[in-house]
2 protein chains.
Amino acid sequence: MSGLSIGQVAERTGLSVHTLRFYEREGLLTQPVRRGVAGHRVYDEDDIGWLDVCIRLRASGMPLTDIRRYTELVRAGQGNEVERLEVLRAHRERVLAQMHDLDECLKLITEKVAVYEGRLGLRDDLRKCTP
Amino acid sequence: MSGLSIGQVAERTGLSVHTLRFYEREGLLTQPVRRGVAGHRVYDEDDIGWLDVCIRLRASGMPLTDIRRYTELVRAGQGNEVERLEVLRAHRERVLAQMHDLDECLKLITEKVAVYEGRLGLRDDLRKCTP
DNA sequence: GTTTGACTTAGAGCCCGCTCTAGATTCTAC
DNA sequence: GTAGAATCTAGAGCGGGCTCTAAGTCAAAC
């Protein structure tokens, strides 16, 4: 047995139950969610695993439509590796571009921080000289 | 002379004229924009420089409200270095967190790409063996 | 003098990704 | 049996960041 309620999945993934239902509607699950008593969703470990993939992709800025596309390919089963590679490689490019942007920003911050720290240091020095 | 029209600034920064007006309204400029004939905006090199800072901060995900806050501190002139450092250091944390997320995603992609390439290679091998 | 084109304003519209609400159902515990 | 918690559906609402529109002004070119 490994039937998980939506609440349990929310807890384990860090997504809200709202977001879980939303993702399902958006087609981000590789399989239709089973339903238990009273029509309640029943997830399994595979769902958690796939959601973790989705979360990592989202965290790196992949739009929902692209995740859906990738999910569809996975859902369709083996034989579409070329398309899957296309999706992933395209995203890798964007991730690398983002990293570059972050790096640029980090440089800027470091530079500015040095300037401001310098000014503060200077002020301290002056204070020391006029006690 | 170094008076630039909004169109020229758009060209040089890569922002649209719409976005430039929008940023101005949002308080992202360190000084009120001069106006020339017919009330047209006249920018100078300093504006370009500051906009480039804003662009880099935005590209790293800093929200407009934070950029505005930082802009206000800069506009207020020296003496608030401590606050500026607060803003920048807080953002640096977020940038580092994002880099971590991107790194995680890159690992995932690399892993998946290897799997799919493996499957494709396998298929090629089989084809070679049954010519 | 009229057309073209770059500019002005205020404000509406849009896309994305959630996030929340309302009202109903059902299980669990007291 | 009744209260409370968790779930369900459909659909509305929201915040961020643009993006665009409409109606108007002005200068230069023809």
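Each chain gets a letter, A, B and so on, in the order its sequence line appears, and its residues count up from 1. None of these values were measured; they are calculated from a predicted model. Every heavy atom of this structure was used, including side-chain atoms; hydrogens, water molecules and symmetry mates were not.
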*Asks:* Could you give the CD1-to-P distance, from A:I67 to C:dC16, as a whole number of Å?
*Replies:*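 Atom CD1 in A:I67 sits about 13 Å away from atom P in C:dC16.
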*Asks:* State whether the side chain of B:R75 and the backbone N or O of B:Q31 hold a donor-acceptor pair below 3.5 Å, judged by distance alone.
*Replies:*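 Absent.
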*Asks:* Salt bridge (Lys or Arg N to Asp or Glu O under 4.0 Å) between A:R56 and B:E111: does it pass, once the steps are laid out?
*Replies:* CA-CA 13 Å; A:R56 280 199 272 175; B:E111 193 185 301; 5.4 Å; no
*Asks:* Please list, in 5' to 3' order, the outermost nucleotides of DNA chain D lying under 4.0 Å from any heavy atom of chain B.
*Replies:*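 It runs D:dG17 to D:dC26.
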*Asks:* Check salt bridge (Lys or Arg N to Asp or Glu O under 4.0 Å) between B:R89 and all other residues, then give those that pass, not counting sequence neighbours.
*Replies:*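 Here the qualifying residues are A:E117.
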*Asks:* Residues two or more places apart in sequence or in another chain: which of them pass side-chain hydrogen bond (donor to acceptor under 3.5 Å, both in side chains) with B:Y70?
*Replies:*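 B:Y70: side-chain hydrogen bond (donor to acceptor under 3.5 Å, both in side chains) contacts with A:Y116.
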*Asks:* Looking at B:R12 and B:E45, does any basic side-chain N land under 4.0 Å from a carboxylate oxygen?
*Replies:*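 A salt bridge links B:R12 with B:E45.
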*Asks:* What I want to find out is whether A:E104 reaches A:K107 closely enough, with some N-O distance under 4.0 Å, to be called a salt bridge.
*Replies:*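 Judged by the 4.0 Å cut-off on N to carboxylate O distance, A:E104 and A:K107 do form a salt bridge.
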*Asks:* Starting from the first five and the last five pairs of the helix from C:dG1-D:dC30 to C:dC30-D:dG1, work out the angle between the resulting helix axes, to 10 degrees.
*Replies:*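 About 10°, once rounded to a multiple of 10°.
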*Asks:* Using a 4.5 Å cut-off on heavy atoms from C-beta on, say whether the side chain of A:L51 contacts that of A:L29.
*Replies:*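 In contact.
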*Asks:* Quick check on DNA chain D: between B:H18 and B:L64, whose nearest nucleotide comes earlier from the 5' end?
*Replies:*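 Upstream on the strand: B:L64.
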*Asks:* Answer yes when A:R41 and A:D47 have at least one side-chain N-carboxylate O distance shorter than 4.0 Å, and no when they do not.
*Replies:*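 No, this pair does not count.
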*Asks:* Looking at A:Y23, I'd like to know whether one of its side-chain N or O atoms comes within less than 4.0 Å of OP1 or OP2 on C:dG17.
*Replies:*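 No, outside the criterion.
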*Asks:* Quick check on DNA chain C: between A:T19 and A:V37, whose nearest nucleotide comes earlier from the 5' end?
*Replies:*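 Mapping each residue to its closest nucleotide by heavy atoms, the 5'-most match is A:T19.
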*Asks:* Supply the atom-to-atom distance B:H91 NE2 to A:C105 SG, rounded to the nearest 0.5 angstrom.
*Replies:*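 These two atoms lie 4.0 Å from each other.
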*Asks:* For B:R58, give me all partners under side-chain hydrogen bond (donor to acceptor under 3.5 Å, both in side chains), at least two apart in sequence or on another chain.
*Replies:*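 Residues passing side-chain hydrogen bond (donor to acceptor under 3.5 Å, both in side chains) with B:R58: none at all.
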*Asks:* How does each nucleotide of nucleotides 2-14 of chain C score, in 5' to 3' order, for protein heavy atoms under 4.0 Å: base (B), sugar-phosphate only (S), or none (-)?
*Replies:* -----SBB-B---
